[in-house]
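Worth saying up front: this structure is predicted, and the values here are computed from it rather than measured. Residue numbering restarts at 1 for every chain, and letters A, B, ... go by the order of the sequence lines.
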Protein chains: 2
Amino acid sequence: MKLTSKGRYAVMAMADLAKNEDSRPVSLKEISLRQGISIFYLEQLFLKLKLNSLVHSTRGSRGGYVLSNSPDQIKLSSIISAVNEEVETIKCNKNSKKGCNGKFAKCITHSLWNELSTHINLFFERKSLEDVLRKEKNFQGE
Amino acid sequence: MKLTSKGRYAVMAMADLAKNEDSRPVSLKEISLRQGISIFYLEQLFLKLKLNSLVHSTRGSRGGYVLSNSPDQIKLSSIISAVNEEVETIKCNKNSKKGCNGKFAKCITHSLWNELSTHINLFFERKSLEDVLRKEKNFQGE
DNA sequence: TCTAAAGTTGACTAATTTACTCAGGATACT
DNA sequence: AGTATCCTGAGTAAATTAGTCAACTTTAGA
Ligand code: FES
Ligand code: FES
């Protein structure tokens with residue numbers, strides 16, 4: 001599980017889509033303007049979101065993207081893992097020369113990291129895009 | 001909250017210390033040999049661990065480090081935040097030119113990230129060095 | 001049928017962060 | 001005195017992330 005701004009942008013973009021899709025597809029240009037994210041960057045993100053079937057695209061003039069499901073069906077975990085290809089936590093045994101190579105502490109941190117990964121995933125599993133929108137609404141209402 | 005190998009190494013080193021301290025201070029050299037972590041890297045880590053009063057040092061020949069508290073009193077959160085100077089989650093408003101600058105999605109991901117930070121911290125707050133050692137013991141016993 | 005608006009794709013570069021190393025000093029034990 | 005150890009600041013190299021771009025395909029509408 002990686003947590004970078006890429007994931008954050010993806011959530012932002014998806015939230016924008018959820019809020020603004022309304023019969024017509026939403027173009028990247030619109031999202032770019034509203035969210036202040038470079039259109040080039042969005043292209044990158046939506047390529048992956050599409051590969052993971054989170055959005056559906058319409059090409060050509062007046063084309064754009066729509067969500068594949070209703071916001072309450074889209075878990076944040078799907079979004080995050082769609083854009084961050086490596087979903088797993090940082091592997092210990094990537095290079096076996098250093099650190100975790102069978103010595104004492106090997107599996108201490110290993111299982112710890114795995115537990116943490118589970119813990120974080122749980123967080124994102126529980127949240128849907130709808131939850132995010134609802135929160136924003138409440139916030140603006142105050 | 002940052003999660004890098006720096007934090008993992010710190011936990012490894014502290015666990016090694018907890019396991020091997022026994023009347024005499026433990027030298028970085030020993031830890032380095034047992035855990036396969038460069039001594040130079042350990043120096044860096046222990047500088048910070050010491051600044052945060054997690055360990056106590058003895059200089060000179062036969063010197064080394066001992067834990068400042070018993071393993072069950074040392075929370076992993078202290079260790080992690082000691083070595084990763086930035087304890088907070090990645091800030092959105094670091095540069096206000098892009099992304100989160102007052103537009104729609106601004107505080108969606110903001111609060112989301114903060115919630116996550118809390119969630120992760122909770123995980124590390126609950127775990128002590130002793131928990132880590134106990135787990136390793138069980139694991140070896142199987 | 002032509003044109004403009006949009007998605008599609010692969011590649012590339014720049015910026016930042018992380019991991020790791022080093023040199024030279026201070027201290028204390030034997 | 002000599003050696004083992006901690007102490008500190010600095011520096012470099014590797015890896016990752018962020019962001020950009022060019023050339024293309026597809027479709028809607030004038
Ligand atoms: S063996 Fe997996 S973290 Fe060390
Ligand atoms: S305002 Fe904090 S993440 Fe956007």
Side-chain angles (χ1 to χ4, degrees), chain A residues 1-10 12-13 17 21 24-33 35-52 54-66 80 83-86 89-92 94-95 97-100, chain B residues 1-10 12-13 17 24-33 35-52 54-66 80 83-86 88-92 94-95 97-100:
Chain A
M1 174 66 81
K2 271 189 195 168
L3 301 169
T4 66
S5 67
K6 204 167 182 176
R8 188 159 59 233
Y9 282 148
M12 282 173 71
L17 202 50
E21 80 172 356
R24 285 172 200 292
V26 179
S27 71
L28 293 188
K29 195 176 179 184
E30 293 177 59
I31 301 179
S32 170
L33 289 174
Q35 306 301 334
I37 305 171
S38 148
I39 214 169
F40 300 115
Y41 206 70
L42 286 173
E43 284 177 352
Q44 230 182 46
L45 296 179
F46 275 83
L47 173 63
K48 293 186 177 174
L49 292 173
K50 196 193 167 193
L51 282 175
N52 285 72
L54 292 172
V55 295
H56 178 260
S57 65
T58 312
R59 296 180 91 168
S61 179
R62 309 203 66 177
Y65 293 92
V66 291
I80 305 271
V83 296
N84 294 325
E85 48 281 330
E86 280 186 61
T89 27
I90 303 157
K91 290 286 166 97
C92 42
K94 192 156 53 179
N95 50 352
K97 285 191 299 179
K98 299 252 178 175
C100 304
Chain B
M1 173 66 82
K2 270 190 195 167
L3 301 169
T4 66
S5 67
K6 203 167 182 177
R8 189 159 60 233
Y9 282 148
M12 283 173 70
L17 202 51
R24 284 171 202 292
V26 179
S27 71
L28 293 187
K29 195 176 179 185
E30 292 177 60
I31 301 179
S32 171
L33 290 174
Q35 306 299 335
I37 306 171
S38 147
I39 215 169
F40 300 115
Y41 205 72
L42 286 173
E43 283 177 350
Q44 230 183 45
L45 296 178
F46 275 83
L47 174 63
K48 294 187 176 171
L49 293 174
K50 197 195 166 189
L51 283 175
N52 286 71
L54 292 173
V55 295
H56 178 260
S57 65
T58 313
R59 298 179 92 168
S61 181
R62 310 204 65 176
Y65 292 92
V66 291
I80 306 271
V83 295
N84 293 325
E85 48 281 330
E86 280 185 60
E88 295 302 307
T89 27
I90 303 156
K91 291 285 166 99
C92 41
K94 191 154 55 181
N95 50 352
K97 285 192 298 181
K98 299 253 178 178
C100 305

Can you find a side chain N or O atom of A:Ser38 that sits less than 4.0 Å from OP1 or OP2 on D:dT20? yes

For B:Tyr41, is there any backbone N or O sitting under 3.5 Å from a side-chain donor or acceptor partner on B:Gln44? no

side-chain N/O A:Tyr41 vs D:dC21 OP1/OP2, d < 4.0 Å: no

Checking all strands, does A:Val55 fall into the base, sugar-phosphate, or nothing category for heavy-atom contacts under 4.0 angstrom? nothing

5'-most by nearest nucleotide on DNA chain D - B:Ser57 or A:Gly60: B:Ser57

Quick one: CG on A:Leu47 to CG on A:Leu42, what's the gap to the nearest 0.5 Å? 12.5 Å

Please report how far the helix from C:dT1-D:dA30 to C:dT30-D:dA1 bends, comparing the axis fitted to its first five pairs with the axis fitted to its last five, to the nearest 10 degrees. 10°

Quick check on DNA chain D: between A:Arg62 and B:Lys29, whose nearest nucleotide comes earlier from the 5' end? B:Lys29

Base D:dG19 to side chain A:Gln44, donor-acceptor N/O within 3.5 Å cut-off: yes

side-chain N/O B:Tyr9 vs C:dT18 OP1/OP2, d < 4.0 Å: no

Whether A:Lys50 contacts C:dT8 is assessed here as follows: a side-chain N or O lying under 4.0 Å from the phosphate OP1 or OP2. Is that the case? yes

Check if the side chain of B:Arg59 and the base of D:dT5 share a donor-acceptor pair of N or O atoms closer than 3.5 Å. no

Rounded at 0.5 Å granularity, tell me how far CD1 in A:Ile80 sits from CZ in A:Arg8. 9.5 Å

Is there a side-chain polar atom (N or O) of A:Ser61 under 4.0 Å from OP1 or OP2 of C:dT3? no

Please classify the nucleic acid contact of A:Phe46 as base, sugar-phosphate, or nothing, using heavy-atom distances under 4.0 Å. nothing

Are OP1 or OP2 of D:dC6 and a side-chain N or O of B:Ser27 less than 4.0 angstrom apart? no

Short side-chain to backbone donor-acceptor contact, B:Ser32 and B:Ile37, under 3.5 Å: yes

So, taking the atom named NZ in A:Lys6 and the one named NZ in A:Lys48, what distance separates them when rounded to the nearest 0.5 Å? 3.5 Å

